[in-house]
A.B. asks: 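One structure is given below, represented as structure tokens, and several questions about it will come after.
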Amino acid sequence: MKNYSKVFLYIFTGMLIISFSGSGNYLNGTDQRGDDPGNIKSLHHHKLIGPLKEILNIYRNEKRLTTESLLKYGSKKLQNIIKGAKVAAQPPGSTLSKEILSYPPKRGKVNLSTGDILSEREVESKFKRPFFISALIRDELQERWGNPPYDVIECNIDMTGGIQVLNNFNLKIRATSEFEGKTIVSAEVASTEIEKIAKLSQVIRITPVLKKVSQNNLASNAVRASRIRLKSGPKYTKGYTGKGVIVGVIDSGIDWTHEDFVDPDTGETRIRYIWDTEITTPGRTPADVFGGVLSGLSYGTVWTKAEIDGGSCTEVDTNGHGTHVSGSAAGNGFATGKYTGIAPNSDMIFVKGLDNNGILFIYELSSQLGMPCSVNMSYGPGYPMHYMSWWPQDFPADGTSSEAQEIAGWNVSYGGGHIPVKSAGNEGHWNTYTDLTGGSYPYMNGSYHMEGHQSSGAQSHTYTVIDYTTVWPYNLFGGPDNSVFPWLSFGYWSDAPIQITFTSPNGFVIGPFLHGTDGGTWDGVVGDGWIDWYMDNPPASNGDNYGSLDLYWPYWGPYQPALGNWTIIVEAIGGGSVNYDVWCSEFIYAGGYYVNDINSYFTGNFSHSNYIIDEGASKYEISVGAWSTRDKWDGSDGSTWTYAKKPWVGTIADFSSPGPSRDRRVKPDIAAPGQIILSAASKDAGWSNSNLDPDGRHGQMSGTSMSAPITTGAVALVLQKFPERNVNQIRGSFSNWAIKDNAARSMGKNAFGSGKLNVLPLNRDAIAVLTQDRIEVILDNADKSVNFDGSKSYDPEDFPITYLWVLEDIPEGANPEFIIDNDKATLNVDPEIEGMYRISLAINDTIWDGPKTYSQWITAKFIPVLPPAGVNLERVVNNLIFVNEYVNRITWMENPENQVELLNYRIYRKVKGNGDDTYELIAELDPTVMGYDDRGLEEDQYFTYKITAVSYRGKESDPVIVSN
Amino acid sequence: MKRIIYTLLAVVFVVSYSYSMTLTGGVGLGLGMVSNSDLNETYGNGFVYNTYISFGIAGQFSLGIGYEGGYKKDGDVGIFDDVATLEISGFQLFAEYKFKSEKLVPYLKLGYGYYTVKNSFTSEEMGKYEFSEKGSGIILGGGISFPLSKSFFITGEVDYLFLEVKPFINSVNSGGIRLLAGLAVKFDI
């Protein structure tokens, strides 16, 4: 009786829970309560009669009615009722799309002017509204399926081919992508069709397309883009400005009236198209306007440039995120001249709504326009840790998810010049801030991720469960109790089947739970917690295994698992080698709401690396982390603000998601400024005075959402110069150019990727073209000047050039004259002194730091004296009758090539065979004399002679040597 | 040389003591030639004079001693035409035999000369260069004397001097023909 009483009490409680719970649809369609787009795993809206029938059946079969039998033999639905919480019933063979709420990153703010501290909850309360989900074609669906409510799931269907078979089902194909031999179909499918489609032989898998949220807040110009462009008036006219490139942005909306998106010369918008995916106008969808490849995009409203210029566009950005992102990427600062984006002369295409089909839209239209494009995606699942622990199958974190491959397929088909840029996410917890509250934001000495790489044996990890009675919302709702309790989830990936064993703080061993086994609830109350495990999944398309487990406490007290350190032991089944990753998160069921919060985490043998969520892990996307360029800003309220987690300038932002990818590729690819970034503020977004700049047209935000558009703009600069470059090439360029300072090196590649984004090397040095009318000056001549001309020097980017002329070297004692006239110079050499002069010209394009110096040597010399020609030596006997005199007769001729007036000829003589230092000058002869008799010699005397010519300036020629 | 002179004096004395002697003194002037072609080409012929005294002994024979001098010629020597001077002078011992004749008295002469050949030249390159070399050689000659009176005679003489000198390596014939015209006076002693 006691047991029966307890059972009926629980059943009754469960019924009450059902009746008073929110009516959210567990298949995450639009929540009918309006602006709440859908709760995570909201309660199934059961009718009471169903569960009661089931309970009666169990009693008939088992002859007993206990909590254990209900949990053991009851359906999932009944179990959930009994538990009072969990949803996520999964039809076999398919996965469901998920909805999450989006919240800004949890951080408070500090008013440096007043000292006031705003808590994170107050920040959230100021947040206007969450982001919209992807638009549903309501009218069309209503026509096909009748009146709502109905469940429509946006998902990707991976097929081997034969997609025409899908026409037999209630779905709407939006787009297709070909990648690695499969067709990825982006479609909106009625939930009732999912199971049937999953059974088709052509279907490989069905993956929900998660609704995205922006990765907000905080960003700047440390990437040096400002140094490789020049302004003339209000517009940038030279250098790298993104001219000729499309910057595409997929985001919350854009304030197209903002002057930063207007061409200062024409007053016209720079936005070519806006596709508002959230409001459908018949006849104005991409399918209607463009057709062709975009024929599947039969939702939303396309606004053309003409309509935007005409003012008929009704799209607005009430969130502010998209306008801010667009400003960072492509704003031209025309509004106030204060804040300019990276690619101020680019054209733009904007997609409102966090819809990956926007990539196809932008790629296709850019291709039609004949322009390369970079596409910014500053969004992702709102709670990646949550997803990675609950539905790891959707986040392989190695680029093999359906969404990532869909994007990859488009990249491959459109080829180079189409570059997607992805924010890395705000799930980091780097110790790169100062807690100004004195403890409200302690550094997390743990992680949401652990990993193991063993060749054999088991690895032990520690997971610490905190006391949730002190944590919001428990303290608001008075829990934990049967209506307010934590649910701790663990999701894993491994390259071999694993088994997981839990040991509670009190020593109770729960498990092992083996991969490949059916999910269920650990029988009986064992230890300090209950485990549900879902480990019977088939291998993923990448060949790896995945699964998830939940740790919780049943519906009776204390309603939370045992507090303290849990030991989790992971090993390969059979004891072999395995590489695995496990992520943790929790959600808290609280009074009909599901709130994601992460308070318990791994504290022993953990990894601070959280693999980037799947889309950023793809090789076909450039993922961007965020680093801090400033730690405070001025608000329009006249105060100076910082964050309660005051960032350390120069290093990685504390929130920037770390890499690597799960397959150990470096991610993020690069880091760009993303902390306290000032950019365009949408007039419709309701900016707080603290975040709005005093100029009223710009505001500050932080997040990898800001670092991504800076990189998107940087990609546009690269495409301006190299329109055909693909992702790998641009990634390689960024890697080569990245600034690898102390911060980047010390924090490592998991934080910064290749380093800090730097586009300065795009700029080419000015090319010096230095000419001179001669390089040799004959001092005997009247003209002793050399004219230098550097006017043909040029800068490839047409930046202005400065000339710096320097007379570097002169002969000793010379007194030349060097006259400079901007790009020309004249050297008048010293007329009396021979020697070498060196002139250098330094060209600086005023952009690059280091000037290029080019030197030219000038030789100043007198006309060279040439030695006599035809020198001949003969021995002559002079008969003096009584005695013979021996004479060495030297004869020569005047050198016909000698142009200089001679002073004399010199005859040197040495005894033949002696050293050259024994030469003696024996004669200096008039230049008209062409011979010399060396007389008075003995018959056996032999000499060597040197004959030189000497100019009137005393310059002596090289000698001619003769000997007898 | 001294012995020869002393011997001649002794002979003269003995003969004069035994016979009646005559003493003739004369001087001749004329042309001296050099036989060496190089010397001749360079220096050419020159003036010479000859003074002598002779002692007539035993009728037509006479012994005499004389001095020739006066040959001093400049010339351009060698390939450089250095200016050089050649001097030839010296003493002679001779014997004469006069033929009997009323008017023109031919005579033959045989002598031996002791000469000095001096040669000097100057060039810019080598400066001054000279040597003085002695040599001797036979003199052969003959002539005709024409008495103007009992004591005075006019003579005409042709001599050939054989003279080789070798100041250095080369031996050079410095002799040659002498053509002399002179005046002599005879004394009986």
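Lettering of chains follows the sequences in order, A, B, ..., and the numbering in each one begins at 1. All values below come from the heavy atoms of this structure, side chains included, with hydrogens, waters and symmetry mates left out.
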A.B. asks: Do A:F882 and B:V117 touch side chain to side chain, with heavy atoms closer than 4.5 Å?
C.D. replies: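 A side-chain contact exists here, since the closest heavy-atom pair is under 4.5 Å.
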A.B. asks: Less than 4.5 Å to any heavy atom of chain A: does that hold for the side chain of B:N119, its backbone, both, or neither?
C.D. replies: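 Side chain only.
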A.B. asks: Between A:V877, A:N879, A:L880, which residue shows the highest count of heavy-atom pairs closer than 4.5 Å to chain B?
C.D. replies: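 The answer is A:L880.
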A.B. asks: Taking everything shown except A:Y919 itself, do over 12 heavy atoms lie less than 6.0 Å from its OH?
C.D. replies: yes
A.B. asks: Report, as yes or no, whether the 6.0 Å neighbourhood of atom CG on A:L921 holds more than 12 heavy atoms from other residues, nucleotides or ligands.
C.D. replies: yes
A.B. asks: Using a 6.0 Å cut-off, check whether atom NZ of B:K72 has over 12 heavy atoms from anything other than its own residue.
C.D. replies: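 No, the 6.0 Å shell around NZ holds no more than 12 heavy atoms from other groups.
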A.B. asks: Step through the shown structure and confirm whether more than 12 heavy atoms of other residues, nucleotides or ligands are within 6.0 Å of NZ on B:K98.
C.D. replies: yes
A.B. asks: With a 4.5 angstrom heavy-atom cut-off, which part of B:S171 approaches chain A: side chain, backbone, both or neither?
C.D. replies: neither
A.B. asks: Which atoms of B:F131 come close to chain A, meaning under 4.5 Å heavy atom to heavy atom: side chain ones, backbone ones, both, or neither?
C.D. replies: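 It is the side chain, since no backbone atom gets that close.
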A.B. asks: Would the number of heavy atoms belonging to other residues, nucleotides or ligands and lying under 6.0 Å from CG of B:L104 be above 12?
C.D. replies: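 Yes - once you tally the heavy atoms of other residues, nucleotides and ligands closer than 6.0 Å, there are more than 12.
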A.B. asks: Flag the pair B:F80 / A:R935 as yes when at least one side-chain heavy-atom distance between them is below 4.5 Å, and no otherwise.
C.D. replies: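 Yes, their side chains come closer than 4.5 Å.
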A.B. asks: Among A:N884, A:V883, A:D934, which has the most heavy-atom pairs under 4.5 Å with chain B?
C.D. replies: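 Top option by heavy-atom pairs under 4.5 Å: A:V883.
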A.B. asks: Around atom CD of A:E894, are there more than 12 heavy atoms of other residues, nucleotides or ligands at under 6.0 Å?
C.D. replies: no
A.B. asks: Can you tell me if NZ on A:K792 sees more than 12 non-hydrogen neighbours from other groups inside 6.0 Å?
C.D. replies: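 Open: at most 12 neighbouring heavy atoms sit under 6.0 Å from NZ of A:K792.
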A.B. asks: Among B:I169, B:D38, B:T42, B:I79, single out the residue with the greatest number of heavy-atom pairs under 4.5 Å to chain A.
C.D. replies: B:I79
A.B. asks: Does B:N170 reach the side chain of A:I881, with side-chain heavy atoms less than 4.5 Å apart?
C.D. replies: no
